[in-house]
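These notes concern the structure reproduced below.
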Amino acid sequence: MVNGVTRVRGVAARAGGWSARHRWAAVVIWVLFVVLAMGIGSATGRVNVKDNQLPGEVGQAQKIIDDAGLKEPAGETVFIQANDSTTKATDPAFRSAVDAVMKAVDSTGQVTKVTSPYTAKTLSKDGRSALVQFDVRGDADTAPDRIAPVLDAVKKVQGEHQGLRIEEIGSASMGKTFKDAFGDDFKKAEYSAVPVALGILLIAFGALVAALLPVALALTAIIATMGLMAIVSHLQPMSDTANSVMLLVGLAVGVDYCLFYLRREREERAAGRDAQTALRIAAATSGRAIIVSGVTVCVAMAGMLFTGLAEFEAMGLASLMVVAVAMVGSVTVLPALLSLLGERVEKGRLPFLNRIKRRKGNHNRNRNGESRIWRAVLGVVLRRPKAALVIAAGALIAIAVPALGMHTQNLTLDQEFGNSLPIVGTYDRVNQTFPGGASPANVVIKAADINAPEVKQAIADFRTQAISRGASDGPVKVTVHDAENVAVVDVPLIGGSDQKKAEKSLNLLRDHVRPDTLGKVHGLDAPITGQVAGSKDFNAKIVGAVTPVFAFVVVFAFLLMLLCFRSLTIAITSIVLNLLSVGAAYGILTAVFQHGWGASLVGAAGVGAIVSWLPLFLFVILFGLSMDYHVFVVSRIREAKLQGRSTRDAIQHGVVTTAGVVTSAAIIMVAVFAIFGTLSMQSMKQMGVGLATAVLIDATIIRGVLLPAVMALLDERNWYLPKWLHWLPDMTHDESVTVPPSTAPYGDEDRDRVVHV
């Protein structure tokens, strides 16, 4: 230190300083990066996750199919049912309808192997229903895009036979339904999220330019990441789900990070600093908080890479990349833009809004820009920290209790869409009439010689015992591929759309029927796949991944907090508070979507389960995002402490001065996530509700009550670092600096100097 002045060593301050001094270079580099990333990504194309990368027997079965070079077609079924109890499938009128369906679908030229229910014996026990089955020509992956003419043909036959119910269902038609609903849902979310975020920012800043900056930075970060995802997909395949999650996370953190920076820069200018000095302070304080938060979020997202699930690894890597890109943009190109704009960042002010804000601001804020509302709340909390801790923590624990009975599964079609789509009714009717027919188990058999006598006998025994032991009511269909020595056995499971009952039938096949038949043939492989098997195997893999992922995220988050704040106490309380936030989110999810408490308010009645991938996904995402507010608030508290305030005064100052930005950031996140809570797909609805409620809890109860209560009780012990940890590198220098009003702007020789407290 020289004459009370020291040079800033922090990465955030250096990055902000360089960008402000080389503003055009910083902007051009950012634009080139975004354009190149998107251009190269578009040129290379994206590789998507394949079915043979799925866990358990599902992936094994798909690998056998792929290795054999088989292209399993998309199977479709037309369900024909009499509307009254007197009409039977053997009646002439019914037979006429069956013939009309077979002729109509065949005439489209899109199908093959059209099978009559009378030859395949796919007639219901009560004699009122029948199934016409066929395969869709071409690649099964693209079948949903080509099934529309077939659906139209079936619909036309229905119009000609009003006394019968004629409906189509199958992998292609369900795939089309899912794809259309998924696409419509995310178009709605994408089109809504940006205007909502912009509207909230307009209210927060009262100026169009200031509001546009965070949205523009977030969108460019998302665009760049889309290109990077395509490039990286050649090493780690991506997916549509990963793309959607990336968009959600990118918009939330991108806007938040810019908001933190802008608010601090505005606060310093309001305190009388010139624009360049205000920018330097924002770089050294909020910039550092953004880097700490961003790195913590990236570490949390990296936890998904330990699941062993290709879909999760794709989501984790995509989220990690967009957070990293948004973080870099916030501490580099944003200072450059602010330096270029100067006072023009206030352009496009909304007069009526600013009059309202001034009137409310005079009432809600004191002369130091601190929130009077939060000052009042903090006054109560700091006077009675023990009571505040017990009440707030007790409430969150009570909210989390329902999570102890959480049941997870891959949602069936009726659970996913409820009654919002006609095909759901078809799915239920087929399963009621032909249990398991809409989602059978598929046994993929690989043998040295598929036509060897012992193999043929084992397959015949398997068919017989699948029915005799109560796993299926039949019909069990066998398809043999002689040249590839592969056979596929389709087994409708007793239980149908009831996942628990269907899993019992699956377990019976896997644990008893298969070992007693196919398992006796040496060298024969017979993994069992299908929708029910996929859900079960995915769940098992997720459960196995919980411990390593939780351990990785918690340990590394702890170490980052320890390094960034040089306090063992801060590191421990950070982890505990975040776990409370996640637990409360789990409890709300379970109460609403599994137990149905208030489910009608969000359109989730009758779901009865949590989608299997969500708890682990939420843990990783929420643990990362919670650090946004935590790092920002604690950094401000530590900054005040290092300026000479008492711990209690520093807590109050840190919380009330950050209340505005935390509130604005939380409102944006809650609004964006809540949009996903309005979508028709229950999995997306669950994700949106879980994220929105968790962020709301985190920004209010956790940061506004629990954090100050805990820190007030700990007092000076907040900053405790054992002597045996003093060797840790000091990463706190950015937040320990301030700049006097007379400091010269960046262009002068003292541009890198600050007063050390």
List, one per line, each side-chain donor-acceptor pair under 3.5 Å for residues 446-455, sequence neighbours excluded.
{"residue": "K446", "atom": "NZ", "partner": "E484", "partner atom": "O", "Å": "3.1"}
{"residue": "D449", "atom": "OD1", "partner": "N451", "partner atom": "N", "Å": "3.1"}
{"residue": "N451", "atom": "ND2", "partner": "D482", "partner atom": "OD1", "Å": "2.9"}

Do [X] and [Y] meet the criterion of a side-chain donor-acceptor pair at a distance under 3.5 Å?
X	Y	result
Q62	T529	no
D84	T87	yes
Q457	D461	yes
R429	T433	no

Do [X] side-chain atoms and [Y] backbone N/O form a donor-acceptor pair below 3.5 Å?
X	Y	answer
S96	P92	no
Q409	K536	no
S472	P492	yes
Q594	G405	yes
R146	A172	no
T590	M406	no
E57	D537	no
S233	M238	no
Q686	I610	no
D428	G425	no

Between [atom1] of [X] and [atom2] of [Y], what distance do you get to the nearest 0.5 Å?
X	Y	atom1	atom2	answer
T112	R137	OG1	CZ	4.5 Å
N442	I528	CG	CD1	9.5 Å
I169	L151	CD1	CG	11.0 Å
K176	I147	NZ	CD1	9.5 Å
T86	D91	OG1	CG	8.0 Å
K121	S116	NZ	OG	12.5 Å

Does the side chain of [X] reach to within under 4.5 Å of the side chain of [Y], using non-hydrogen atoms?
X	Y	result
V136	V150	no
K88	R128	yes
L317	M301	no
M246	M226	yes
L320	C298	yes
I542	T408	no
V245	F617	yes
I459	K456	no

Where is the tightest heavy-atom contact between [X] and [Y], given as atom of each residue plus distance?
X	Y	answer
A37	I231	O-CD1, 4.2 Å
G41	T44	O-OG1, 3.1 Å
M304	T307	O-OG1, 2.9 Å
T122	P475	CG2-CG, 4.0 Å
A242	A318	O-CB, 3.9 Å
G470	I494	O-CD1, 3.2 Å

(message) Can you pull out every ring-ring contact (aromatic ring centres under 6.0 Å, His included) where at least one residue sits in residues 503-554? Sequence neighbours excluded, please.
(response)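 Residue pairs with at least one partner in residues 503-554: F306-F552, F550-F619, F552-F556.
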(message) By the ring-ring contact (aromatic ring centres under 6.0 Å, His included) test, which pairs, at least two apart or in different chains, include something from residues 78-119?
(response)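 Those involving residues 78-119 do not exist here.
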(request) May I have the step-by-step check of side chain to side chain contact (heavy atoms under 4.5 Å, CB included) for V443 and L518, ending in yes or no? (result) CA-CA 10 Å; V443 188; L518 300 171; 4.0 Å; yes
(request) Test V491 against F462 for side chain to side chain contact (heavy atoms under 4.5 Å, CB included), laying out the working first. (result) CA-CA 10 Å; V491 186; F462 180 88; 3.9 Å; yes
(request) Begin from the C-alpha positions of L509 and R514 and carry the test side chain to side chain contact (heavy atoms under 4.5 Å, CB included) through to its verdict. (result) CA-CA 6 Å; L509 288 179; R514 180 175 57 184; 5.9 Å; no
(message) For a side chain to side chain contact (heavy atoms under 4.5 Å, CB included) check, start with the C-alpha distance between M229 and N243, then their side-chain angles and the critical distance, and finish with the verdict.
(response) CA-CA 8 Å; M229 284 175 65; N243 196 66; 3.9 Å; yes
(request) Quick one: which residue pairs count as a salt bridge (charged side-chain N to carboxylate O under 4.0 Å, His left out) with a foot in residues 95-117, not counting sequence neighbours? (result)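 Every pair satisfying salt bridge (charged side-chain N to carboxylate O under 4.0 Å, His left out) with a residue in residues 95-117: there are none.
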Do any side-chain atoms of residues 158-165 form donor-acceptor pairs under 3.5 angstrom with protein atoms, and if so which ones, sequence neighbours left out?
{"residue": "Q158", "atom": "OE1", "partner": "I166", "partner atom": "N", "Å": "2.7"}
{"residue": "Q158", "atom": "NE2", "partner": "H161", "partner atom": "O", "Å": "3.2"}
{"residue": "Q158", "atom": "NE2", "partner": "L164", "partner atom": "O", "Å": "2.8"}
{"residue": "H161", "atom": "ND1", "partner": "V157", "partner atom": "O", "Å": "3.1"}
{"residue": "Q162", "atom": "NE2", "partner": "G159", "partner atom": "O", "Å": "2.7"}

(message) Does anything in residues 605-615 form a side chain to side chain donor-acceptor pair (under 3.5 Å)? List the pairs, not counting sequence neighbours.
(response)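 For residues 605-615: N410-S612.
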